[in-house]
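Basis for what follows: all heavy atoms, side chains included, without hydrogens, waters or symmetry-related copies. Just so it is clear: chains get the letters A, B, ... in the order the sequence lines come, proteins before strands, and each one is counted from 1.
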Amino acid sequence: MNEQLQQIIEQKIKAYCEANAIPLAALKWMPIPFSGEWGMSTSFFQTAADEIRAGGAKKPVPARAQEIADALKGQMGGVEGVSRVDAVKGYLNVYFETAAYARRVASDAIASRADFGRGAPKGQRLMVEFSQPNTHKAFHVGHLRSAILGDSLARILDFAGYDVVRANYPGDMGLHVIRWLWAYMKYHNGEEPEADITNWMGMVYSDATKRLEENPELEAEVRALYARWDRRDPDVVALWEKTRQWSLVGFDQMYDLLDIKFHKYYFNSEEEQPGKEIVAELVKRGIAIDERPEGPVIVKLDDLLGNKNEKFRVLVVLRSDGTALYATEDLSLVLHKFRDYPDMVKSIYVVDVRQSLHFTQVFKTLELAGYEDAKKCAHVAYELVTLPGNVVMSSREGTVVLLENLIREAIERAKEEAKKKNPNLGEEQLNAVAKAVGLGALKYPLLARENAKIVTFDWQSALDFNGQAAPYIQYAHVRCNSILRKAGVETLNVKRSTFDYALDPSEIELIEAISRFPAEVQRAAEEYKPLVIASHGYEVARTFASFYDKCPVIQAEENVRAARLELVMAAKQTMANALSLLGIQAPEVM
RNA sequence: GCCCCUAUAGCUUAAUGGACAAAGCCGCGGCCUUCUAAGCCGUUAAUCCAGGUUCGAGUCCUGGUAGGGGCACCA
């Protein structure tokens with residue numbers, strides 16, 4: 001945003017240092033800690049340290065840094081857009097002209113609208129695979145994090161300038177599916193899903209596990225059914241196809257509600273055969289060892305890499321009976337993705353942290369086999385959502401909060417709240433607000449957290465609409481809208497203001513927060529961290545709330561009013577864009 | 001045994017190696033005849049321990065302590 005200014009200043013610094021034989025270290029610019037003015041700052045500690053180490057002046061580093069800063073301050077006269085320059089504690093602080101800076105930030109945000117903060121197209125494609133639900137099972141809160149995190153990540157990467165392919169990889173075959181089919185045929189034959197499809201699918205699955213626990217001898221029937229599947233018995237295949245579809249429809253309903261979209265579906269059932277072929281290839285090339293029939297087909301990664309410590313360990317790529325494992329299918333999936341999109345620069349897997357070793361092994365195995373694309377694969381690991389007391393949600397243990405119930409509850413609670421807060425809302429508006437607020441409150445805590453940290457789910461905080469939460473940002477957005485509506489300028493066409501008055505500190509902080517948004521988008525994309533956006537969106541809302549309290553807009557005198565209207569528009573746009581990157585709606589009223 | 005992750009205020013969480021560690025919740029005290037009080041303002045309180053690297057460490061390295069996770073035919 002201040003690149004031009006930065007270059008001019010850097011030129012001056014370099015020229016001076018060259019002329020005086022000072023070994024200037026790389027310049028890095030940072031914001032000045034808030035002082036009621038905007039500016040940028042750089043320090044000379046590194047330069048001073050280098051100089052002293054090289055046998056220059058014998059004095060403490062901070063003192064020498066301050067000397068350099070002082071000298072440079074004298075060189076900075078007359079730069080357009082710079083109001084003053086300070087040398088303090090070894091830092092050179094360059095302050096911007098207030099009015100000019102405010103004008104630029106506000107008009108930027110307003111002119112760019114929904115594209116404010118969008119990065120220039122990078123011309124690079126990448127894939128984000130996320131969600132990976134199992135068919136024939138319930139969808140619970142534990143599954144929500146991958147869906148929410150992956151969706152937000154995809155939105156952020158897209159906004160940052162990448163071409164993003166959103167991929168899903170449902171687990172549609174495996175022992176759990178066979179168990180489900182067995183229970184369905186035996187105890188639920190002919191039944192159809194109820195309204196909450198995934199809940200019902202989960203119910204049949206728990207029935208299966210319960211019956212098998214009570215009567216372990218029934219496992220023989222399950223194995224027999226698995227054999228029929230392996231033979232592709234038409235009746236079994238037909239039932240699988242039909243019931244699998246139920247799950248997929250159920251997932252679609254959930255994704256619809258959550259506003260999550262996919263471009264591409266991969267299914268593990270489709271990777272089974274190609275996976276086996278890859279394993280055969282690995283055996284032929286001496287990377288995998290076939291111990292069948294006594295043992296499985298394995299890849300001894302540490303041996304192949306010559307590691308002393310067990311780090312990569314052994315990857316089992318095929319069962320001793322020749323059937324496929326997830327590893328078998330994951331090997332194939334890597335290649336499948338790059339066949340579909342050969343130009344991808346990165347293939348990202350948003351999967352929980354417990355599978356870190358698994359993905360390390362899969363990618364490393366392919367790398368050893370010479371598949372260069374494997375190096376472009378990255379596992380973005382996230383921690384689990386647990387229940388209070390560090391209880392892991394498990395369908396089998398019955399320790400789950402079913403997603404459909406949670407969503408219903410959140411929206412219901414939001415509706416109650418909205419009715420209380422704003423009795424003037426019509427029925428249609430009320431429902432829309434309830435959905436936006438309820439879902440936002442649900443998503444935000446999953447995003448406003450370091451990926452690698454556990455989220456403890458409890459109803460109380462999930463349904464708490466106060467404080468650092470999505471509704472706070474949404475509310476700030478609504479207040480912006482309200483001001484603009486009353487001022488009659490929803491159109492975003494307002495006379496450009498000069499910002500030629502003494503800005504309130506809250507205005508300065510708000511402009512500062514708005515101006516940082518584009519850089520935060522890039523950082524979030526680089527680090528794969530929606531948290532960055534969640535925090536910054538909140539920061540914008542917080543500074544706006546303070547501004548709202550201190551600075552009357554509509555009643556201000558004309559010049560100030562025009563400026564503040566621009567600020568409100570810019571703030572509204574920034575919050576709307578931030579929320580959108582989190583997959584959260586920005587309502588116009590609440 | 002080996003590998004990975006985590007440790008900041010009473011609680012939940014922030015902080016590109018840079019200036020005084022920042023919020024929310026809870027508690028206490030203020031603020032609605034003024035653009036929606038789902039709000040604002042004030043207030044107490046923290047970097048697990050010991051070394052090291054660095055001009056400078058919550059951040060990087062080593063070793064501990066505590067918690068969690070993963071390690072051959074589960075996903």
J.: Answer yes or no: is there a side-chain heavy-atom contact under 4.5 Å between A/L305 and A/L368?
T.: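 Answer yes - side chains close enough.
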J.: Which nucleotide in the list B/rC55, B/rA72, B/rG70 gets nearest to the side chain of A/R354?
T.: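 Of the options given, the side chain of A/R354 lies nearest B/rG70.
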J.: Can you give me the closest heavy-atom contact between A/A418 and A/L430, atom names plus distance?
T.: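 What the structure gives for the nearest pair is CB-CD1, 3.7 Å.
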J.: Taking only the P atom of each, what is the distance from B/rG63 to B/rA45 in whole angstrom?
T.: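 Going atom to atom, P in each nucleotide, I get 37 Å.
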J.: Assign A/A418 to base, sugar-phosphate, or nothing according to its heavy-atom contacts below 4.0 angstrom with the strands shown.
T.: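 Base: the residue A/A418, judged by heavy atoms under 4.0 Å, touches a nucleobase.
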J.: Check this for me: does any side-chain nitrogen of one of A/D321 and A/R319 sit under 4.0 Å from a carboxylate oxygen of the other?
T.: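 Answer for the salt bridge query: no.
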J.: When the distance from CD of A/Q429 to P of B/rU36 is rounded to whole Å, what number comes out?
T.: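 Interatomic distance, CD of A/Q429 to P of B/rU36: 14 Å.
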J.: With a 4.0 Å cut-off on heavy atoms, is A/A48 in touch with a base, just the backbone sugar-phosphate, or nothing at all?
T.: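 Counting heavy atoms under 4.0 Å across all strands, no contact is made by A/A48.
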J.: Let's see if you can work this out: which of B/rA75, B/rA72, B/rC40 has an atom nearest to the side-chain heavy atoms of A/K300?
T.: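 Of the candidates, B/rA72 comes closest.
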J.: Measure CD/A/E539 against P/B/rA15 and give the value in whole Å, please.
T.: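 One finds 12 Å between P of B/rA15 and CD of A/E539, rounded.
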J.: Check the phosphate of B/rA38 against A/Y475, side-chain N and O only, distance under 4.0 Å to OP1 or OP2. Yes or no?
T.: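 Yes, A/Y475 has a side-chain N/O under 4.0 Å of OP1/OP2 on B/rA38.
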J.: Ignoring backbone atoms, test whether A/K311 places a side-chain nitrogen or oxygen under 4.0 Å from the OP1 or OP2 oxygen of B/rC3.
T.: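 No, A/K311 has no side-chain N/O under 4.0 Å of OP1/OP2 on B/rC3.
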J.: Please state whether the rings of A/W180 and A/H136 are parallel, tilted or perpendicular, taking 30° and 60° as the class boundaries.
T.: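 If you compare the ring of A/W180 with that of A/H136, the planes turn out perpendicular.
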J.: Rounded to the nearest 0.5 Å, how far apart are OH of A/Y169 and CD of A/E329?
T.: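 Here the rounded value is 5.0 Å.
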J.: Please state the C1' separation for the pair B/rA46 and B/rA22 - nearest whole angstrom.
T.: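 One C1' to the other, the span is 12 Å.
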J.: Any donor-acceptor pair, under 3.5 Å, between the side chain of A/S41 and the base of B/rA19, if you only look at N and O atoms?
T.: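 For A/S41, whose side chain was compared with the base of B/rA19, there is a donor-acceptor pair (under 3.5 Å).
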J.: Would you write out the dot-bracket form of RNA chain B, 5' to 3', with Watson-Crick and G-U pairs under 3.5 Å, [ ] for crossing pairs, | for pairs to other strands and . for unpaired bases?
T.: (((((((..((((....[...)))).(((((.......)))))....(((((..]....))))))))))))....
J.: Closer than 4.0 Å, any side-chain N/O of A/K59 to the OP1 or OP2 of B/rC55?
T.: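 No, because none of the side-chain N or O atoms of A/K59 sits under 4.0 Å from OP1 or OP2 of B/rC55.
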J.: Expressed as a whole number of Å, how far does the P atom of B/rC60 sit from that of B/rA15?
T.: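 Here B/rC60 and B/rA15 have their P atoms 12 Å from each other.
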J.: What integer number of Å spans the C1' atoms of B/rA14 and B/rG70?
T.: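 Here B/rA14 and B/rG70 have their C1' atoms 29 Å from each other.
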J.: What nucleotide, of B/rU16, B/rA72, B/rA38, holds the atom closest to the side chain of A/R523?
T.: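 Closest nucleotide among those given: B/rU16.
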J.: On a whole-Å scale, what distance lies between the C1' atoms belonging to B/rU16 and B/rA21?
T.: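 Straight-line distance between the two C1' atoms is 16 Å.
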J.: Assign A/V478 to base, sugar-phosphate, or nothing according to its heavy-atom contacts below 4.0 angstrom with the strands shown.
T.: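 Answer is base: heavy atoms of A/V478 come under 4.0 Å of a base.
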J.: What interatomic distance, in whole Å, is found between P of B/rA9 and the corresponding atom of B/rG58?
T.: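 So the two P atoms sit 15 Å from each other.
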J.: Looking at A/R313, does any N or O in its side chain come under 4.0 Å of the phosphate oxygens OP1/OP2 on B/rC2?
T.: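 For A/R313, the contact criterion (side-chain N or O under 4.0 Å from OP1 or OP2 of B/rC2) is not met.
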J.: With hydrogens left out and only the distance checked, is there a donor-acceptor pair under 3.5 Å joining A/S356's side chain and the base of B/rC4?
T.: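 Answer is no: no donor-acceptor pair is held.
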J.: For A/V568, which contact category applies under a 4.0 Å heavy-atom criterion: base, sugar-phosphate, or nothing?
T.: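 Result for A/V568 = nothing.
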J.: Looking at the base of B/rC55, is there any donor atom on it, or on the side chain of A/Q46, that sits under 3.5 Å from an acceptor on the other one?
T.: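 Flag set: donor-acceptor pair detected.
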J.: Is A/F45 stacked on the base of B/rG56, meaning ring centres closer than 5.5 Å and planes within 30 degrees of each other?
T.: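 Stack criterion not met.
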J.: So what does A/K420 hit on the nucleic acid, given a heavy-atom distance under 4.0 Å: a base, only sugar-phosphate, or nothing?
T.: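 No contact.
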J.: Could you tell me whether A/E294 contacts a base, only the sugar-phosphate backbone, or nothing, with contacts defined as non-hydrogen atoms closer than 4.0 Å?
T.: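 If one applies the 4.0 Å heavy-atom cut-off, A/E294 turns out to touch a base.
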J.: Below 30° counts as parallel, above 60° as perpendicular, anything between as tilted: where do the rings of A/F139 and A/H143 land?
T.: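 A/F139 and A/H143: perpendicular rings.
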J.: I need the CD-P distance between A/E329 and B/rC74, as an integer number of Å.
T.: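 In whole Å, B/rC74 P and A/E329 CD are 13 Å from each other.
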J.: Would you indicate which nucleotide in B/rG70, B/rU16, B/rU36 comes nearest to any side-chain atom of A/L357?
T.: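 So the nucleotide nearest the side chain must be B/rG70.
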J.: Round to a whole Å and report the spacing from CG of A/L92 to C1' of B/rA19.
T.: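 Going from CG in A/L92 over to C1' in B/rA19 covers 14 Å.
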J.: Would you say the side chains of A/S546 and A/K550 form a donor-acceptor pair under 3.5 Å?
T.: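 Yes - a donor-acceptor pair under 3.5 Å links their side chains.
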J.: Is there a side-chain contact between A/E588 and A/K572 (heavy atoms, below 4.5 Å)?
T.: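 Yes. Closest side-chain heavy atoms under 4.5 Å.
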J.: In whole Å, I'd like the distance from the CD atom of A/Q355 to the C1' atom of B/rC71.
T.: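 It is 14 Å, rounded to the nearest whole Å.
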J.: Specify the separation, in whole Å, of atom CD1 of A/I52 and atom P of B/rG56.
T.: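 One finds 11 Å between P of B/rG56 and CD1 of A/I52, rounded.
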J.: Are A/R542 and A/F547 in a cation-pi setup, meaning NZ or CZ lies under 6.0 angstrom from the ring centre and within 45 degrees of the ring axis?
T.: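 Here A/R542 fails the 6.0 Å and 45° test against A/F547.
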J.: Taking the minimum atom-to-atom distance to the side chain of A/V314, which one of B/rU54, B/rA72, B/rU36 wins?
T.: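 The answer is B/rA72.
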J.: Side-chain N or O of A/N309 versus OP1/OP2 of B/rC2: is the shortest distance under 4.0 Å?
T.: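 Indeed not, no polar side-chain atom of A/N309 lies that close.
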J.: Are A/F465 and A/Y472 near enough that their ring centres are under 6.0 Å apart?
T.: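 Ring centres of A/Y472 and A/F465 not closer than 6.0 Å.
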J.: Taking the C1' atom of each, how far is B/rU43 from B/rG52, in whole Å?
T.: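 Each nucleotide's C1' atom is 40 Å from the other's.
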J.: For the side chain of A/H358 and the base of B/rA75, is some donor closer than 3.5 Å to an acceptor across the two?
T.: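 By the distance-only test, yes, there is a pair.
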J.: Taking OP1 and OP2 of B/rA75, is either one under 4.0 Å from a side-chain nitrogen or oxygen of A/R319?
T.: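 A/R319 to B/rA75 OP1/OP2: side-chain N or O found under 4.0 Å.
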J.: Round to a whole Å and report the spacing from OH of A/Y169 to P of B/rA75.
T.: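 Distance, rounded to whole Å: 11 Å.
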J.: Any side-chain heavy atom of A/T328 sitting closer than 4.5 Å to one from A/Y326?
T.: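 A side-chain contact under 4.5 Å is absent here.
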J.: Just how far, in rounded Å, is C1' of B/rG69 from CG of A/N451?
T.: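 A/N451 atom CG is separated from B/rG69 atom C1' by 16 Å.
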J.: Which part of the nucleic acid, if any, lies within reach of A/V589 when heavy atoms closer than 4.0 Å are counted: base, sugar-phosphate only, or nothing?
T.: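 Base contact.
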J.: Does A/R145 make a cation-pi contact with A/Y382 (under 6.0 Å, within 45 degrees of the axis)?
T.: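 Checked: cation-pi criterion not met.
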J.: Below the 4.0 Å mark, does B/rA14 have OP1 or OP2 next to a side-chain nitrogen or oxygen of A/K453?
T.: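 Yes, A/K453 has a side-chain N/O under 4.0 Å of OP1/OP2 on B/rA14.
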J.: Angle class for the A/F359/A/Y349 ring planes (parallel below 30°, perpendicular above 60°, tilted otherwise)?
T.: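 Tilted: the ring planes of A/F359 and A/Y349 meet at 30° to 60°.
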J.: More 5' along RNA chain B: A/N268 or A/A476, using each one's nearest nucleotide?
T.: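 First, find each residue's nearest nucleotide; the 5'-ward one identifies A/A476.
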J.: For the C1' atoms, the ones on B/rC40 and on B/rC32, what distance do you get once it is rounded to whole angstrom?
T.: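 Looking at atom C1' only, B/rC40 and B/rC32 are 11 Å apart.
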J.: Pick one for B/rC32: is it syn, with its angle within 90° of 0, or anti?
T.: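 Syn conformation for B/rC32.
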J.: Relative to the 5' end of RNA chain B, which residue comes earlier, A/V316 or A/A448, by the nucleotide with the nearest heavy atom?
T.: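 Result: A/A448.
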J.: Could you run down nucleotides 25-35 of chain B 5' to 3' and tag each one B, S or - for protein heavy-atom contact under 4.0 Å?
T.: S--------SB
J.: Hey, are A/T135 and A/D172 close enough side-chain-wise for a donor-acceptor pair under 3.5 Å?
T.: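 Their side chains do not contain a donor-acceptor pair, so the 3.5 Å distance test is not met.
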J.: Any donor-acceptor pair under 3.5 Å between the side chain of A/N93 and the base of B/rA19?
T.: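 Result: at least one qualifying N/O pair found.
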J.: At 4.0 Å (heavy atoms only), tell me whether A/Y472 reaches a base, stays on the sugar-phosphate, or touches nothing.
T.: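 Since only primed, P, OP1 and OP2 atoms lie under 4.0 Å of A/Y472, the category is sugar-phosphate.
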